2 protein chains.
Amino acid sequence: MSAASGFQPVPRESTSSLITRQLREGIMYGTLPAGAQLSEAALAAEFGVSRGPLREAMQRLVQEGLVRSELNRGLFVKELDEAEIRDIYLTRTAIETAAARAVAHGDSAAQGAERLRTRAAVMAEAAAAGDLHRLADADFAFHEELVNLAGSPRLHRVHETLMVETRMCMTALQGTYFDPDDQVAEHSRIVEAIASGDDAELVAQIEEHMQEALDRLVRASR
Amino acid sequence: MSAASGFQPVPRESTSSLITRQLREGIMYGTLPAGAQLSEAALAAEFGVSRGPLREAMQRLVQEGLVRSELNRGLFVKELDEAEIRDIYLTRTAIETAAARAVAHGDSAAQGAERLRTRAAVMAEAAAAGDLHRLADADFAFHEELVNLAGSPRLHRVHETLMVETRMCMTALQGTYFDPDDQVAEHSRIVEAIASGDDAELVAQIEEHMQEALDRLVRASR
DNA sequence: CCCGTGAAGATTGTCAACAATCCGGAGATG
DNA sequence: CATCTCCGGATTGTTGACAATCTTCACGGG
């Protein structure tokens with residue numbers, strides 16, 4: 001059998017991986033609200049598995065910091081107070097700045113900028129249509145793309161968790177209004193900073209964007 | 001009952017937490033060498049527990065990225081090639097830069113700098129004594145302290161894993177010689193940059209230190 | 001009315017056994 | 001001799017049951 005057929009390994013995945021992903025989504029979108037206790041028996045029944053694989057999935061989420069474990073008490077979805085939200089954005093700034101710089105200084109900065117420009121265009125479109133839900137999705141897609149383009153498995157892993165936490169905040173504040181045009185403009189400025197290769201400008205734009213996003217969240221949460 | 005007695009919660013910990021920590025140390029110091037398969041039965045017997053808690057600990061390490069899981073095959077200690085090493089340092093740069101800036105711009109920058117100066121002094125002492133083992137420990141202690149001073153739970157969590165991976169590299173290259181004085185000088189320059197509050201200088205010093213450390217590792221590994 | 005006591009119920013922590021899968025080698029076949 | 005098939009041993013994946021712990025609530029005493 002030839003080995004150069006371009007076939008990929010079959011993406012078989014462990015049960016605990018699948019459960020982890022579903023639980024993570026539940027946390028992200030508020031199906032499992034912050035502070036809620038996660039009953040092993042109930043969830044295991046819902047997934048149609050025994051408690052073993054479910055507990056393994058839980059330990060992953062604990063390690064990720066999305067779930068808090070109290071011995072002999074149970075597992076609880078992590079709650080995010082203002083200090084936590086600030087920490088999320090501090091860490092996001094660190095990760096995304098590194099990612100953006102890697103993209104800007106990498107071999108394919110131009111292609112990267114182009115793909116991000118496309119993402120920003122989707123955001124602008126959603127903003128123009130007044131579709132705030134789609135705008136939020138496009139926003140997340142932009143930041144995911146940014147970190148993916150850096151090609152760093154570690155930045156990606158950390159960022160994945162941070163996006164879940166960010167979305168948790170947004171979900172909790174659902175219905176709050178943010179000015180769409182501001183958001184779109186901030187993302188465009190980031191793209192152009194990447195394209196221009198001006199490092200100081202790039203760092204400044206990302207920091208400003210994160211600061212603005214954080215301010216929007218904090219302002220809305222009180 | 002008064003609540004202001006300064007008592008801390010009893011640090012009871014789950015079995016899987018304890019096992020996770022021990023396995024992590026094993027990976028860090030090469031007791032569990034890179035690429036090795038981790039037999040559930042053997043390890044469970046060694047820890048004196050059943051396979052349940054041990055598997056939970058494993059899932060944590062998988063989530064952390066220290067262990068790779070192959071379905072129906074087993075769990076293996078992650079191997080670090082040159083690309084991985086570069087990624088570790090890319091991420092370390094991101095995390096530690098953010099931490100250092102947080103310290104430098106925070107309320108207690110002076111105290112922070114002082115504590116780091118102490119750590120650097122320990123390094124200098126070890127270097128002067130020619131004790132390379134103690135120098136390496138002091139080096140790690142410096143970076144841990146730096147991130148701790150930032151007071152960010154997320155930066156701390158990510159950094160913890162990165163330090164394990166860094167130590168894995170060092171362990172694999174045990175016996176290689178690095179110029180002690182260079183290392184000491186680099187750390188001192190970081191401390192002084194924090195103390196001075198010069199942001200650009202601080203970022204530059206950390207990047208230079210990381211680049212140097214990475215070069216030392218890569219050079220030694222081939 | 002307030003507080004300590006104790007038992008019931010529910011939930012988590014742990015285990016040992018069973019099922020499914022994979023790897024290696026012996027044997028048959030061309 | 002090469003190759004395919006099949007089987008045994010070993011390892012992982014999953015389960016259901018049991019033990020330990022915590023919470024709740026009713027009860028009785030002060």
Side-chain angles (χ1 to χ4, degrees), chain A residues 1-3 7-23 26-27 32-79, chain B residues 1-3 7-23 26-27 32-79:
Chain A
M1 178 107 80
S2 167
F7 289 139
Q8 294 178 18
V10 184
R12 292 183 313 163
E13 213 170 348
S14 71
T15 308
S16 55
S17 282
L18 297 168
I19 296 178
T20 303
R21 182 151 355 111
Q22 289 209 45
L23 289 173
I27 293 174
L32 304 172
Q37 177 164 12
L38 302 173
S39 159
E40 296 180 2
L43 288 172
E46 202 164 340
F47 283 112
V49 297
S50 76
R51 283 173 50 219
L54 187 117
R55 282 176 62 91
E56 289 173 17
M58 287 298 191
Q59 292 302 320
R60 288 204 188 191
L61 296 174
V62 168
Q63 183 63 37
E64 228 178 310
L66 297 175
V67 163
R68 173 173 45 87
S69 164
E70 290 184 27
L71 191 60
N72 286 320
R73 294 279 309 273
L75 299 148
F76 304 85
V77 180
K78 192 91 169 283
E79 295 176 89
Chain B
M1 180 115 71
S2 168
F7 290 139
Q8 295 177 20
V10 184
R12 291 181 313 162
E13 214 170 343
S14 72
T15 307
S16 55
S17 282
L18 298 168
I19 296 178
T20 303
R21 182 149 357 108
Q22 289 209 44
L23 288 174
I27 293 174
L32 304 172
Q37 176 163 13
L38 302 173
S39 159
E40 296 181 1
L43 287 172
E46 202 164 342
F47 283 113
V49 298
S50 77
R51 285 173 49 216
L54 186 117
R55 282 176 63 91
E56 290 173 15
M58 286 298 191
Q59 293 302 319
R60 287 205 189 190
L61 296 174
V62 169
Q63 183 63 37
E64 230 179 310
L66 297 175
V67 164
R68 174 174 45 88
S69 164
E70 289 185 27
L71 190 58
N72 286 320
R73 294 280 309 272
L75 299 148
F76 304 84
V77 180
K78 191 89 169 281
E79 295 176 88

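Values in this document were obtained by computation on a predicted structure and should not be read as measured data. Residue numbers begin at 1 in each chain, while the letters A, B, ... track the order of the sequences.
Atom pair A:Glu70:CD and C:dG13:P shows a separation of 11 Å (rounding to whole Å applied). What separates CZ of A:Arg12 from P of D:dT12 is a distance of 15 Å, to the nearest Å. What separates CG of A:Leu75 from P of C:dA10 is a distance of 20 Å, to the nearest Å. Atom CG of A:Leu71 and atom P of D:dT23 are 11 Å apart (whole Å). We find that CZ of A:Phe47 is positioned 18 Å from C1' of D:dT15, with the value rounded to whole Å. Straight-line distance from the CD atom of B:Glu56 to the P atom of C:dG13: 8 Å, rounded to whole Å.
Minimum atom distance to the side chain of A:Arg55 is reached by C:dG13, of the listed D:dG13, C:dC15, C:dG13. Distances were taken from every side-chain heavy atom of A:Ser50 (C-beta onward) to each of D:dG13, C:dC15, D:dG16; the shortest belongs to D:dG16.
Evaluated for a side-chain contact (heavy atoms from CB on, under 4.5 Å) with A:Gln59, the options B:Ser16, B:Ser17, B:Pro53 yield exactly one hit, B:Ser16. Only one option out of B:Leu66, B:Leu23, B:Val67, B:Thr20 pairs with B:Arg60 in a side-chain contact (heavy atoms from CB on, under 4.5 Å); it is B:Thr20.
One finds the CZ atom of A:Arg12 at 5.0 Å from the CG atom of B:Leu71 (value rounded to the nearest 0.5 Å). A distance of 9.5 Å separates CG of B:Leu18 from CZ of B:Phe47, quoted to the nearest 0.5 Å. Atom-to-atom distance recorded for B:Leu61:CG and B:Ile27:CD1 is 5.0 Å, nearest 0.5 angstrom. The distance from the CZ atom of B:Arg55 to the CG atom of B:Leu43 is 12.5 Å, given to the nearest 0.5 Å.
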Could you go through B:Ile19 and B:Met58, starting from their C-alpha distance and side-chain angles, then the distance that decides it, and tell me whether this counts as side chain to side chain contact (heavy atoms under 4.5 Å, CB included)?
CA-CA 9 Å; B:Ile19 296 178; B:Met58 286 298 191; over 6 Å; no
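Atom CD of A:Gln37 is surrounded by more than 12 heavy atoms from other residues, nucleotides or ligands within 6.0 Å.
Within the 4.5 Å cutoff, side-chain heavy atoms of B:Arg21 are placed close to those of B:Glu13.
A stem is defined here as three or more consecutive Watson-Crick or G-U pairs, each with both distances under 3.5 Å; for DNA chain C these stems are C:1-30 with D:1-30.
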Expected string for nucleotides 5-11 of chain D under the B/S/- scheme (protein heavy atoms, under 4.0 Å, primed atoms plus P, OP1, OP2 as sugar-phosphate) is -------
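Nearest-nucleotide assignment on DNA chain D puts the 5′-proximal partner with A:Thr15, out of A:Arg51 and A:Thr15.
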